[in-house]
Amino acid sequence: MKIQKLNQNKDFRRAYAKGKYAAHPLLVTYAVKNRLGESRLGITASKKVGGAVQRNRARRIITAAFRPWENKIKNGYDIVLVARTATTLARSTQIEPVLKKHLHKLGLLEHDEKTSSVSDPAVPQAHL
RNA sequence: CGAGCAGGUGAAACAGCAGCAUGUACAGUGCCGAAAGGCCGUGCAUGAGGAAAGUCCGGGCUUCACAGGGCGAGGGUAGCUGCUAACGGCAGCCGAAGGCGACUUUAGGGAAAGUGCAACAGAAAGAUACCGCCGUCUUUGACGGUAAGGAUGGAACGGCGAGGUAAGAGCUCACCAGCGUGCGGGGAACCGCACGGCUAUGUAAACCCUACCCGAAGCAACACCGGAAAGGGACCGCUACCGUUGGCCCGACGGGUCCCGCUUAGGUGGCUUGAACCCUUUGGCGACAAAGGGUCUAGAAAGAUUGCUGUUCACGACAGAACUCGGCUUACACGCCUGGUCGCGUG
RNA sequence: GGGGGCGUAACUCAGUUGGUAGAGUGUCACACUGGCAGUGUGGAAGUCGUGAGUUCGAGUCUCAUCGUCUCCA
């Protein structure tokens, strides 16, 4: 199942206002049901994250972390992934467990196998 | 060897796996569509910067306005000569300031066209006598002369010395500074010399004057496709039926087709071959120009070179194209190259 | 991507031709009251976002820079 892109401002605002969310210093995930019969994904990095270089990097890391889960998402959801300041300093391998935990918590995976609770990875420090 | 000056250049490298965008080739009688075309797969090629940034200037391009010329308003620039498509940019030179020097910095036209302002202080801020000095008289003062001295200030009829005088003063003279005229040099800014009257404060990044330049807006421009709801025009019909107005009749409106058209969701183009880049030669002090040869080098639309692993080193700064080009300004870890200068030592 | 504005006391704002920076609210002290509120009197509080330049002298003029708001689909 190919995930569509979410690009309308009204859809983002609907996700923030009505959706369920899960938060972590590296990533915030919002999810809300839509009536399209397919799922859509939006990734945002606000100006608070940094300049264009930092925001592009944050988006790329989150895209890379999301790729393994792309085919396992339930249909009919709008998902919004929000980058934070610490995301710029992280690696995609550190983002992925956070995303997995969030997807489980929000019930977005098709085969909801019972996983052992994932421990939060440490937030990277600035000098790394 | 040390210190310092100027210019140029690079912007970590390599390998493996996975992945993204564009172009191209091939394949499936695959999927969507009336069609044009789009989507899906595999291979190959290409894929951010010196500042891509700030948006401070100047162009290309597009739309609107506009016959041509003049005057005015508003804005900009300001030594001279050149370079350039153009510029407020660049090069060389001149003047001024700084440095032992290599060299650096410089909004650097006009204040005798006019107006304004110069707080406080000071007698007085281009016009003047407060104290002082000198002279005269009707002598606790008045009048006249005087800018050498005091005091105020950022700035006070140029500075300093000598002569001169009642005391003084470019009144006279030497030197310096400034202004004007003449001669000589230079392409010009300007420089040098001579003479003259001895006078004019500062501010034009205050108004202003002089010379030159400028139509406005910007790719979210604009063009095309498409065209919801309302509206306008033309034609058809003016008959039947229905509704509204009306007590009723007549009449009016609501009808159909075509065209125009504001705004709006969406799509396509604009979108990358260009004052382009690289090399060589020639001309020029240089900016740059000319000739010859070679190359095609991002073009997205929520927005593309990234994730993970490994190796090496100098251990990686500032930072991400969005129509495009030439500059300026600002940010920045380090490395390399070239040419001058000063000091010390040795020959 | 491209236009336009605004930064002054803790807060909200004034500040005409450059010449000692003000107002209201708040805050502090004192007085009126037995105490509080309220009123009155007096006081403190400012690198004028930052850095250069012009000028004798910049909140004001010029340039650069930082932050913030807003408009254009």
Side-chain angles (χ1 to χ4, degrees):
Chain A
M1 182 64 223
K2 186 69 181 176
I3 303 283
Q4 298 296 311
K5 284 172 176 175
L6 186 67
N7 59 4
Q8 290 296 305
N9 188 28
K10 59 179 182 182
D11 295 328
F12 279 90
R13 278 186 287 141
R14 199 172 74 92
Y16 296 147
K18 300 187 175 177
K20 295 180 293 183
Y21 71 93
H24 186 270
L26 289 174
L27 183 70
V28 183
T29 306
Y30 290 85
V32 68
K33 278 185 182 173
N34 61 28
R35 296 175 182 170
L36 300 175
E38 58 186 5
S39 286
R40 298 184 297 180
L41 174 70
I43 301 172
T44 68
S46 78
K47 242 180 180 177
K48 247 190 294 182
V49 174
V53 173
Q54 283 74 32
R55 291 158 67 190
N56 279 344
R57 172 166 169 81
R59 276 201 293 265
R60 284 192 297 249
I61 291 171
I62 293 172
T63 307
F66 185 78
R67 192 171 296 124
W69 306 100
E70 190 171 350
N71 295 317
K72 302 176 185 173
I73 299 293
K74 285 183 183 173
N75 281 340
Y77 283 93
D78 286 346
I79 302 169
V80 175
L81 304 176
V82 181
R84 290 189 152 178
T85 314
T87 312
T88 321
L89 306 165
R91 292 176 168 274
S92 73
T93 47
Q94 293 173 301
I95 303 287
E96 202 195 323
V98 178
L99 180 64
K100 183 182 181 183
K101 191 184 174 191
H102 285 182
L103 294 177
H104 274 292
K105 181 181 175 185
L106 300 175
L108 296 172
L109 297 179
E110 279 182 332
H111 311 295
D112 208 359
E113 74 245 22
K114 199 63 187 171
T115 54
S116 57
S117 62
V118 186
S119 62
D120 285 0
V123 178
Q125 298 302 305
H127 58 76
L128 290 175

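Just so you know, these numbers come straight off a predicted model, no measurement behind them. Sequence lines set the chain letters: A, B, ... in the order given, protein chains first and strands last, and positions in each chain run from 1.
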Interatomic distance, [X] [atom1] vs [N] [atom2] [rounded to whole Å]:
X        : N       : atom1 : atom2 : answer
Ile61(A) : A18(B)  : CD1   : C1'   : 16 Å
Arg57(A) : U306(B) : CZ    : P     : 9 Å
Ile43(A) : G307(B) : CD1   : P     : 14 Å

List the atom of Ala45(A), the atom of Ala83(A), and the distance in Å for their closest heavy-atom pair. CB-CB, 4.0 Å
[atom1] spacing across the pair [N] / [M], given as an integer number of angstrom:
N       : M       : atom1 : answer
C57(B)  : G158(B) : C1'   : 44 Å
A127(B) : A10(C)  : P     : 49 Å
A167(B) : A147(B) : P     : 15 Å
G202(B) : G186(B) : C1'   : 35 Å
C190(B) : C80(B)  : P     : 9 Å
C208(B) : G74(B)  : P     : 7 Å
G4(C)   : U47(C)  : C1'   : 29 Å
U55(B)  : A321(B) : P     : 13 Å

Looking at Ile95(A), Leu81(A), Ile43(A), which one forms a side-chain contact (heavy atoms from CB on, under 4.5 Å) with Phe66(A)? Leu81(A)
Watson-Crick or G-U wobble mate for [N], both contacts under 3.5 Å:
N       : result
C173(B) : G161(B)
C6(C)   : G67(C)
U46(B)  : A21(B)
C93(B)  : G79(B)
C87(B)  : none
G109(B) : C209(B)
C26(B)  : G41(B)
A276(B) : U295(B)

Using a 3.5 Å distance criterion without hydrogens, assess whether the side chain of Glu96(A) forms a donor-acceptor pair with backbone atoms of Thr93(A). no
Check: Leu26(A) main-chain N/O paired with Thr87(A) side-chain donor or acceptor under 3.5 Å: yes
Picking from C308(B), A319(B), A304(B), the nucleotide nearest the side-chain atoms of Asn56(A) would be A304(B)
Of the listed nucleotides (G307(B), G19(B), A48(B)), which one gets closest to any side-chain atom of Arg67(A)? G19(B)
Indicate syn or anti for [N], taking the glycosidic torsion and treating anything within 90° of 0 as syn.
N       : answer
G154(B) : anti
G50(B)  : syn
A48(B)  : syn
G4(C)   : anti
G116(B) : anti

Is the shortest heavy-atom distance from the side chain of Tyr77(A) to the side chain of Lys33(A) under 4.5 Å? yes
Indicate yes or no: at least one non-hydrogen side-chain atom of Val98(A) is less than 4.5 angstrom from one of His102(A). yes
Looking only at side-chain N and O atoms, does Arg60(A) come under 4.0 Å of OP1 or OP2 in A304(B)? no
